[in-house]
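Take a look at the structure below.
Along the sequence shown, residues carry numbers from 1.
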Amino acid sequence: QVQLVESGGGLVQAGGSLRLSCATSGRTFGSLIMGWFRQAPGKERETVAVISVSNGRTYYADSVKGRFTISRDNAKSTVYLQMNSLKPEDTAVYYCAARSGRAFYILPREYGNWGQGTQVTVSS
């Protein structure tokens, strides 16, 4: 089992930036696949970005490519999501999730460990 604590959400104007952090504990960080997901009111949870902690492989949803960057700090057992050029449609609760395994997992249903979520609101 792995524990996840997100931070860094808030209110920002369109075009602005935020950095989300997800601190982990309870399992070897280097063995994890970690992702950022988001859920807007009335919509299904969707994948934003995923990273393999061991080899740095990443995946981005088309809607955030070129604007968001997922990264990890092995010394701090923390994953980050740098969000630039934010748009009102990026408004959602953002969740960090983690799992172990040999594949590269992209879908929300493939993850069993979730953080509490952090609200990101982008005003126009």
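- With sequence neighbours excluded, the residues satisfying side chain to side chain contact (heavy atoms under 4.5 Å, CB included) with Thr58 are Ile51, Tyr60, Ile70.
- In this structure, the side chains of Leu86 and Leu18 come closer than 4.5 Å at one or more pairs of heavy atoms.
- For Ser31, the side chain to side chain donor-acceptor pair (under 3.5 Å) criterion is met by no residue, not counting sequence neighbours.
- Within the structure, every pair that satisfies the salt bridge (Lys or Arg N to Asp or Glu O under 4.0 Å) test and touches residues 79-103, not counting sequence neighbours, is listed here: Arg38-Asp90, Arg67-Asp90.
- Applying the side chain to side chain donor-acceptor pair (under 3.5 Å) test to pairs two or more places apart or on separate chains, those with a residue in residues 73-82 are Gln82-Asn84.
- Rounding to the nearest 0.5 Å places CZ of Phe29 at 13.5 Å from OG of Ser100.
- When the side chain to side chain donor-acceptor pair (under 3.5 Å) test is applied to Arg72, no partner is found at least two apart in sequence or on another chain.
- Put simply, the side chain of Gln39 never gets that close to the backbone of Val93: no donor and acceptor are under 3.5 Å apart.
- Evaluation of the disulfide bond (SG atoms under 2.5 Å apart) test over residues 29-83, restricted to residues two or more places apart or in two chains, returns none.
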Please list, one pair per line, the donor and acceptor atoms closer than 3.5 Å that link side chains of residues 117-124 to other protein atoms, with sequence neighbours excluded.
from	atom 1	to	atom 2	distance (Å)
Thr118	OG1	Gly9	N	3.2
Gln119	NE2	Ala92	O	3.4
Gln119	NE2	Thr121	OG1	3.3

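- Legend: salt bridge (Lys or Arg N to Asp or Glu O under 4.0 Å) pairs involving residues 115-124, not counting sequence neighbours: none detected.
- Applying the ring pair (Phe, Tyr, Trp, His ring centres under 6.0 Å) test to pairs two or more places apart or on separate chains, those with a residue in residues 87-124 are Phe37-Tyr111, Phe37-Trp114.
- Taking 4.5 Å as the limit, every side-chain heavy atom of Met34 sits out of range of all side-chain heavy atoms of Val50.
- For the side chain to side chain donor-acceptor pair (under 3.5 Å) test, residues two or more places apart in sequence or in another chain that qualify with Lys65 are Asp62.
- Using a 4.5 Å heavy-atom threshold, the side chains of Trp36 and Cys22 count as touching.
- Shortest non-hydrogen contact noted between Leu4 and Ala98 is CD1-N, 3.8 Å.
- Listed by chain and number, the residues in a side chain to side chain contact (heavy atoms under 4.5 Å, CB included) with Glu44 amount to none (sequence neighbours excluded).
- In terms of the side chain to side chain donor-acceptor pair (under 3.5 Å) criterion, Gln13 has no residue partners (sequence neighbours excluded).
- For the pair Val2 and Ser25, the minimum side-chain heavy-atom distance is 4.5 Å or more.
- Here SG of Cys96 is found 9.5 Å from CG of Leu20. Values are rounded to the nearest 0.5 Å.
- Side-chain atoms of Met83 and Thr69, non-hydrogen and from C-beta on, never get closer than 4.5 Å to each other.
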